[in-house]
Enquirer: 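First, the structure itself, so that you have it in front of you.
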There are 2 protein chains.
Amino acid sequence: MQEAMENPVQNTGIEVPLLEKVRRQVINGRYGPGDLIPEIVLAEEFGVSRTPIREVLKQLQNEGLVEIRPRVGTFVREPTRREIVELFELKESLEGLAASLMARRGRVRELETLERNLEASDVAASEGNSQSYAELVHEFHWTLVRGADNRKLYETYERLMNQLAYHRIVVDTVTRPGRLKASDNEHHAVVEAIKRKDALDAEFTMRNHVRASSQAALAPTDYPRLTEAGALDNTEEHSPTVRSSPHGC
Amino acid sequence: MQEAMENPVQNTGIEVPLLEKVRRQVINGRYGPGDLIPEIVLAEEFGVSRTPIREVLKQLQNEGLVEIRPRVGTFVREPTRREIVELFELKESLEGLAASLMARRGRVRELETLERNLEASDVAASEGNSQSYAELVHEFHWTLVRGADNRKLYETYERLMNQLAYHRIVVDTVTRPGRLKASDNEHHAVVEAIKRKDALDAEFTMRNHVRASSQAALAPTDYPRLTEAGALDNTEEHSPTVRSSPHGC
DNA sequence: CCATGGCTTCTTGCATACATGAAATCTATG
DNA sequence: CATAGATTTCATGTATGCAAGAAGCCATGG
């Protein structure tokens with residue numbers, strides 16, 4: 001009854017590596033927001049015809065990453081600030097649901113993963129290793145959503161995160177003063193509530209955590225960052241290697 | 001900044017009427033769960049080539065309504081009971097979020113729509129007109145989600161409802177004894193909380209309401225229905241005209 | 001009678017050609 | 001020099017042809 005969830009990418013019938021490769025090329029490649037993406041260029045680049053490229057682009061449009069203007073062309077979409085806020089509101093609700101569902105499940109494998117994650121996060125937090133911590137944050141949130149054992153929730157979450165992940169608007173807020181340790185403490189509180197099987201507490205602790213990190217991500221960043229690597233990249237340029245975490249902490 | 005929301009169907013670049021027509025044909029037409037849907041049949045039926053049909057089918061797969069097995073064919077998907085439960089869990093969370101967001105907005109146009117809906121619902125409930133009430137329930141929930149003024153939430157909700165709407169598993173639970181008036185009362189409570197701008201109360205009142213109607217929809221239906229029209233249709237046959245509400249009450 | 005092997009058929013997946021329409025450019029005129 | 005109009009170009013939208021693979025079927029052997 002419980003199907004495997006090992007494939008995070010929806011089975012679209014499209015050869016998955018192609019979709020993934022086009023995604024990277026489109027978002028992290030030489031195409032910036034507003035740029036036209038000619039189908040034929042991608043087709044030649046990947047050695048296929050326009051047909052599968054069109055399918056991939058339609059999928060990307062469905063994910064909200066590009067906009068296809070009929071008879072005109074496909075353009076990289078620039079999410080508005082309003083959309084970012086909307087996505088964060090949904091993120092808060094969905095992760096709250098995930099925490100609630102996981103709390104009701106009892107001791108499952110994902111709970112142990114979270115506990116190990118906390119240990120590693122404590123180390124990274126005490127060392128101030130924000131790069132390492134950012135990755136652990138990433139794992140924490142995805143483990144939680146996976147631990148909810150609700151495939152539709154997982155797919156919905158994945159869908160929304162795809163819209164947030166590849167845009168430079170959301171940067172690793174973990175580098176902001178104080179946020180790192182606060183985030184770590186909030187993670188602890190969530191896991192504690194889950195261990196107590198207190199679904200309501202788990203949900204609201206998680207929601208508060210997501211809201212806090214979302215606000216940190218959305219707040220203007222006037223003050224200097226704590227790390228030099230991956231400093232705030234608000235210019236229209238886009239770095240080929242994205243160091244920033246795809247979501248807040 | 002605030003874009004219009006008048007188009008509930010995502011702009012996919014596909015000629016929208018075609019997508020809609022294929023959806024009906026596929027789900028309410030002669031194709032039942034598990035049936036193969038040959039592209040060429042639809043193509044000839046609608047007087048187009050296979051290419052736009054393929055795009056439509058891919059979109060329907062993305063919505064979860066069909067399954068494309070590579071090199072084999074496209075089949076109408078039968079959602080499992082587990083999936084239904086998962087979708088209801090998400091529905092509860094999303095509609096709770098919608099109520100919460102709407103409560104924070106103050107007096108907006110959609111609130112007046114809800115109030116008019118309640119008046120009409122009271123009449124339908126007192127008359128025991130479950131057909132009329134079912135339509136009002138439908139309008140109530142969609143108005144609430146629209147009133148949240150969060151486009152991403154709206155799109156996500158639409159996406160999930162598409163997966164629930166056209167399957168005969170979810171029937172109008174409004175015809176069950178007691179559920180009709182209970183539902184009406186719950187709607188009143190939600191609107192009251194919104195008018196009081198009590199976001200938390202609005203959210204949980206709505207969540208409780210969704211949970212109650214979801215459980216009613218999922219519960220086994222041993223006892224006779226109160227209406228003769230659109231009686232529980234659990235056979236593999238599917239009526240050409242679907243009378244059942246696409247969601248609970 | 002049952003099982004197994006090959007064959008036929010059917011369906012999709014991809015490539016390509018052509019039509020359509022929008023945008024940009026070039027030109028001619030006020 | 002600016003502007004309006006026509007033309008040219010370019011990218012998409014659609015149709016169609018062909019190949020590959022999977023499922024079903026039939027025949028044959030045990």
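Bear in mind the structure is a predicted one, so any value in this text is a computation, not a measurement. In the text below, chain A, chain B and the rest are named by the order of the sequence lines, each starting its count at 1.
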Enquirer: What's touching nucleotides 20-26 of chain C from the protein side, N or O pairs under 3.5 Å?
Expert:
from   : atom 1 : to      : atom 2 : distance (Å)
C:dT20 : O2     : A:Arg71 : NH1    : 2.9

Enquirer: Between D:dA11, D:dA15, C:dT12, which nucleotide has the shortest distance from any of its atoms to the side chain of B:Thr51?
Expert: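 Minimum distance to the B:Thr51 side chain belongs to D:dA15.
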Enquirer: Is the shortest side-chain N to carboxylate O distance from B:Arg77 to B:Glu83 below 4.0 Å?
Expert: yes
Enquirer: Listing request: all salt bridge (Lys or Arg N to Asp or Glu O under 4.0 Å) pairs with a residue in residues 37-49 of chain B, at least two apart in sequence or in separate chains.
Expert: B:Arg30-B:Glu45, B:Glu39-B:Arg50, B:Glu39-B:Arg54
Enquirer: How long is the line joining CD1 of B:Ile40 and P of D:dT16, in whole Å?
Expert: 10 Å
Enquirer: Report yes if some heavy atom in the side chain of A:Arg151 is under 4.5 Å from a heavy atom in the side chain of B:Glu86; otherwise report no.
Expert: yes
Enquirer: In residues 42-50 of chain B, which residues come under 4.0 Å of DNA chain D by heavy atom?
Expert: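 Hits under 4.0 Å, by residue number: B:Val48, B:Ser49, B:Arg50.
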Enquirer: What side-chain donor-acceptor pairs closer than 3.5 Å can you find for residues 67-76 of chain A, not counting sequence neighbours?
Expert:
none

Enquirer: Find the distance A:Lys58:NZ to D:dA11:P and express it as a whole number of Å.
Expert: 19 Å
Enquirer: Roughly, in whole Å, what's the span from CD in A:Glu39 to P in C:dA15?
Expert: 13 Å
Enquirer: Looking for any heavy atom pair under 4.0 Å, which part of the strands does A:Leu57 touch: base, sugar-phosphate only, or nothing?
Expert: nothing
Enquirer: Take atom CD of B:Glu67 and atom C1' of C:dT11, then tell me their distance rounded to the nearest Å.
Expert: 15 Å
Enquirer: Rounded to the nearest angstrom, tell me the gap between atom CG in B:Leu36 and atom P in D:dG24.
Expert: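 One finds 11 Å between P of D:dG24 and CG of B:Leu36, rounded.
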Enquirer: Without decimals, in angstroms, what is the distance between A:Glu55 CD and C:dC14 P?
Expert: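 Taking CD of A:Glu55 and P of C:dC14, I get 6 Å after rounding.
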Enquirer: Decide yes or no for B:Leu218 and B:Arg81: does some side-chain heavy atom of the first lie under 4.5 Å from some side-chain heavy atom of the second?
Expert: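 Touching, per the 4.5 Å side-chain cut-off.
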Enquirer: Taking side chain to side chain contact (heavy atoms under 4.5 Å, CB included) as the definition, give me every residue that meets it alongside A:Glu63, ordered by chain and number, with sequence neighbours left out.
Expert: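 Only A:Arg23, A:Gln59, A:Leu60, A:Leu65, A:Asn162 meet the side chain to side chain contact (heavy atoms under 4.5 Å, CB included) criterion with A:Glu63.
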Enquirer: Holding to side chain to side chain contact (heavy atoms under 4.5 Å, CB included), I want the full list of residues that pass it with B:Thr143, two or more places apart in sequence or in another chain.
Expert: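 With neighbours one apart ignored, the set is B:Glu110, B:Thr113, B:Leu114, B:Glu139, B:Arg146.
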Enquirer: Salt bridge or not for B:Asp149 and B:Arg109, using N-O below 4.0 Å?
Expert: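 Looking at B:Arg109 together with B:Asp149, the answer is no, because their closest N to O distance does not fall below 4.0 Å.
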Enquirer: I want to verify a distance call: between D:dT12, C:dC14, C:dT12, whose nearest atom is closest to the A:Thr74 side chain?
Expert: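 Selected nucleotide: D:dT12.
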Enquirer: Are side-chain heavy atoms of A:Met206 and A:His141 found at a separation under 4.5 Å?
Expert: yes
